[in-house]
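Beneath this line is the structure, given in structure tokens, with notes to follow.
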Amino acid sequence: MLDIKFVRNNPQAVKAALAKRGNTVSIEAFLSSDEERRKRLVDVEQLKNKRNVVSQEIGKLKQSGQPAEDLVLEMRNVSQQIKDMDEEIKQIEEKLEYMILTIPNMPNESVPVGTSDADNLEVRKWGEPRKFAFEPQAHWDIGEALDILDFERGSKVTGARFTFYKGLGARLERALINFMLDLHTGQHGYTEIFPPFMVHRDSMVGTGQLPKFEEDAFRVQNTEYFLIPTAEVPVTNLYRGEILEGAKLPIYHCAYSACFRAEAGAHGRDTRGLIRQHQFNKVELVKFALPENSYEELEALVANAEKVLQLLELPYRVVALCSGDLGFSSAKTYDLEVWLPAYNTYREISSCSNFEDYQARRANIRFRRDAKGKVEFVHTLNGSGLAIGRTVAAILENYQQQDGSVAIPKALQPYMGGLERIAKV
RNA sequence: GGAGAGAUGGCUGAGUGGUCGAAAGCGCUCGACUCGAAAUCGAGUGUACCUUACGGGUACCGUGGGUUCGAAUCCCACUCUCUCCGCCA
């Protein structure tokens, strides 16, 4: 969430920043409630002070055997008043909290201004889309033909947007997970985490999925547990409520997890194939950084994610999201988009964001530079490194052969038991 | 699932209705001593909010309620941890 004091002191700047997102939240409504709260707080705290002082007097009177009935009666009244005022303040605070939790982050200065993904800025391209001597097939057709993906039975057993991987398809998924984790832990300095796949409400609030986007999440019946939409949630919340040692920053974590998304509002989009599933696998990168370094850390994180695509020799481009396309909690986001021949376009395969102190403030993740220093909020970052299902789709489509088989990228072959291609059995 | 014990500051741990934001020790910071270090001695050392010139106030002893003039302390519910039994991958 935003710094309430900053909002109070710079309402115009906040409004201008949020306007770049096309956000219409009323800062005025927030500020008037905020003022109301403070006004009442002053009153009730005065009363509480009176109660504290007089209560001590009563104690002394009673100890010395003197009567204190009139004071007790008076304080009985005061206490009731305090109770009523506390109740009113609580109502206001609940309203305020909901408001501040539903105000998105402010875009960083460097974010291009725009209203939709059409205004996103291509930063760089890597690799050349392959020229096919034949009509390239979509990955769902390739996968079904090779009997390594089974969408029909996925729907039968669970429902739409669920898929069975079979044989070398399942092996490919597992190989990619291991390949990516090995790369990030071995070459990029990330410490591996294997997180819970369910978290409670506070964790979802901490990273920004709640309270605003509850309809996007799967909640476990009769509990307050949510299936994680990304490992970002449990891994960022690892240090929730903690004060970290400044000397230990930055902290790099990577984590494999399954991800669960309700995809509310995505009906009819990407209905075929692996692109948009209710359950998919992902290797996530998470960083906890010093505020002054977070933008360098973002560039490095993007480079770490790009490395996966480079090693797999998949053509991609890097896009800087414009202000209107930015995620709720993000101050700046780069998307990695991989080339998908059957779509004849680049599709998102990784999203790398700097949240600055927005999540840290929600999740109360702080650090102290040294023993004497004041506590400060860390900056949190994360990015996919990469989405596994979409990587499988990209490999199937980019590495397909005329005979229907699919070559396996060199870097991945050791993870496939040395296998060089997936062919029909 | 059954029975029991517990949750206090960075840590250990005292505190069963008032003067307790909280003893003591450890740790940490600063200072003294020292050529330097250790040891020793002295001072300091939570977070948030409100107000503000200095300063002051309020809240927080797992979480949420309740009793009371007054709650770390009493009552209720919940969460988590530990021990024993049962069950289980």
Side-chain angles (χ1 to χ4, degrees), chain A residues 1-9 30-101 194-206 210 219-220 222-226 234 237-249 251 258 357-378:
Chain A
M1 63 190 188
L2 301 182
D3 180 356
I4 289 175
K5 283 183 187 155
F6 184 84
V7 177
R8 210 179 274 154
N9 297 329
F30 175 79
L31 289 177
S32 72
S33 289
D34 178 56
E35 209 181 314
E36 169 102 17
R37 168 183 173 265
R38 281 184 291 157
K39 220 186 287 171
R40 294 189 187 225
L41 206 54
V42 171
D43 293 343
V44 78
E45 286 189 353
Q46 261 168 21
L47 272 187
K48 283 180 179 173
N49 179 238
K50 183 175 180 185
R51 180 179 67 182
N52 288 346
V53 170
V54 175
S55 288
Q56 277 194 18
E57 267 176 51
I58 292 172
K60 280 176 194 155
L61 286 174
K62 287 203 166 176
Q63 259 174 2
S64 61
Q66 290 174 272
E69 258 320 294
D70 48 341
L71 285 180
V72 168
L73 282 174
E74 192 192 341
M75 285 308 104
R76 193 171 291 168
N77 243 321
V78 169
S79 266
Q80 187 55 48
Q81 276 183 59
I82 290 174
K83 211 169 167 182
D84 294 343
M85 291 165 83
D86 269 344
E87 183 54 38
E88 286 174 34
I89 290 170
K90 196 175 142 196
Q91 303 270 330
I92 296 170
E93 284 180 342
E94 277 171 9
K95 198 165 105 191
L96 269 172
E97 195 192 336
Y98 184 79
M99 285 196 269
I100 195 75
L101 286 176
F194 190 84
F197 290 2
M198 295 183 206
V199 294
H200 62 214
R201 186 172 284 276
D202 290 346
S203 294
M204 292 286 276
V205 171
L210 295 183
R219 171 157 157 218
V220 179
N222 299 328
T223 73
E224 283 294 302
Y225 291 160
F226 292 83
N237 278 283
L238 244 188
Y239 303 115
R240 182 148 53 80
E242 296 190 27
I243 298 175
L244 304 169
E245 274 178 56
K248 298 240 169 90
L249 297 176
I251 296 170
D357 62 6
Y358 187 89
Q359 292 182 325
R361 195 168 256 117
R362 286 173 163 251
N364 201 22
I365 308 168
R366 295 174 295 174
F367 75 102
R368 218 188 290 270
R369 285 177 194 272
D370 51 66
K372 291 167 76 178
K374 266 195 77 71
V375 290
E376 301 172 54
F377 288 106
V378 302

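Not measured: the values here are computed from a predicted model. A note on names: the letters A, B, ... follow the listed sequences, proteins ahead of strands, and every chain is numbered from 1.
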When the [atom1] atoms of [M] and [N] are compared, how many Å lie between them, rounded to an integer?
N	M	atom1	value
B/G57	B/G9	P	24 Å
B/U47	B/U8	C1'	15 Å
B/G44	B/U68	C1'	37 Å
B/G10	B/C28	P	16 Å
B/G46	B/U52	P	24 Å
B/A22	B/C60	C1'	12 Å
B/A14	B/C85	P	27 Å
B/A72	B/U58	P	13 Å

d([atom1], [X]; [atom2], [N]) in whole Å:
X	N	atom1	atom2	value
A/I89	B/C49	CD1	P	16 Å
A/M85	B/A59	CE	P	13 Å
A/E376	B/A48	CD	C1'	16 Å
A/K50	B/G56	NZ	C1'	19 Å
A/E93	B/A59	CD	P	14 Å
A/R51	B/U58	CZ	P	10 Å
A/Q56	B/U68	CD	C1'	16 Å
A/K83	B/G64	NZ	P	16 Å

What does [X] touch in the nucleic acid at a heavy-atom separation under 4.0 angstrom: a base, only the sugar-phosphate, or nothing?
X	answer
A/E74	nothing
A/V42	sugar-phosphate
A/V375	sugar-phosphate
A/K39	nothing
A/R201	nothing
A/K90	sugar-phosphate
A/K60	nothing

* For A/Y225, look at atom OH and say whether over 12 heavy atoms of other residues, nucleotides or ligands are found less than 6.0 Å away. => no
Is it the case that more than 12 heavy atoms not belonging to A/E224 sit under 6.0 Å from its CD atom? yes
Would you mind telling me which of [options] lies closest to the side-chain atoms of [X]?
X	options	result
A/R366	B/U47, B/U67, B/G57	B/U47
A/S55	B/C69, B/U58, B/U19	B/C69
A/N49	B/U58, B/U67, B/G18	B/U58
A/N52	B/C69, B/U67, B/A59	B/A59
A/I58	B/U47, B/C50, B/C69	B/C69
A/K5	B/C49, B/C80, B/A59	B/C49

Verify, without hydrogens or angle tests, whether A/N9 (side chain) and A/K5 (backbone) share a donor-acceptor contact under 3.5 angstrom. yes
> Does any N or O in the side chain of A/S55 come within less than 3.5 Å of the main-chain N or O of A/R51, such that one atom is a donor and the other an acceptor?
Replying inline: yes
Paired with [N]: which nucleotide, if any, by Watson-Crick or G-U wobble criteria at under 3.5 Å for both distances?
N	value
B/C54	none
B/A71	none
B/C35	none
B/G10	B/C26
B/G4	B/C82
B/C88	none
B/C60	B/G46

Exercise. Are A/S79 and B/G70 close enough that a side-chain N or O sits under 4.0 Å from OP1 or OP2?
Worked result: yes
For B/C50, take OP1 and OP2 only and decide whether either is under 4.0 Å from a side-chain N or O of A/R8.
-> yes
| query | Should A/F367 and A/E376 be marked as a side-chain contact (heavy atoms from CB on, under 4.5 Å) after you check the CA-CA gap, both sets of side-chain angles, and the distance that decides it? | reply | CA-CA 5 Å; A/F367 75 102; A/E376 301 172 54; 3.6 Å; yes
Judged by nearest nucleotide, the residue sitting upstream toward the 5' end of RNA chain B, A/L71 or A/G59, is A/G59
RNA chain B nearest-nucleotide lookup for A/D34 and A/R76: closer to the 5′ end is A/D34
**Asked** Any side-chain heavy atom of A/E93 within less than 4.5 Å of one from A/I89?
**Response** yes
Practice task
Could you check if a side-chain atom of A/E35 sits within less than 4.5 angstrom of a side-chain atom of A/L31, using non-hydrogen atoms only?
Solution key: no
Exercise. Is it the case that A/Q80 and A/D84 place a side-chain donor and acceptor less than 3.5 Å from each other?
Worked result: yes
Answer with yes or no whether the side chains of A/N364 and A/R366 bring together a donor and an acceptor at under 3.5 Å. yes
Item checked: Under 3.5 Å donor-acceptor pair, A/E224 side-chain atoms to B/U79 base atoms -> no
Could a donor-acceptor pair under 3.5 angstrom be found where the side chain of A/E45 meets the base of B/G57?
yes
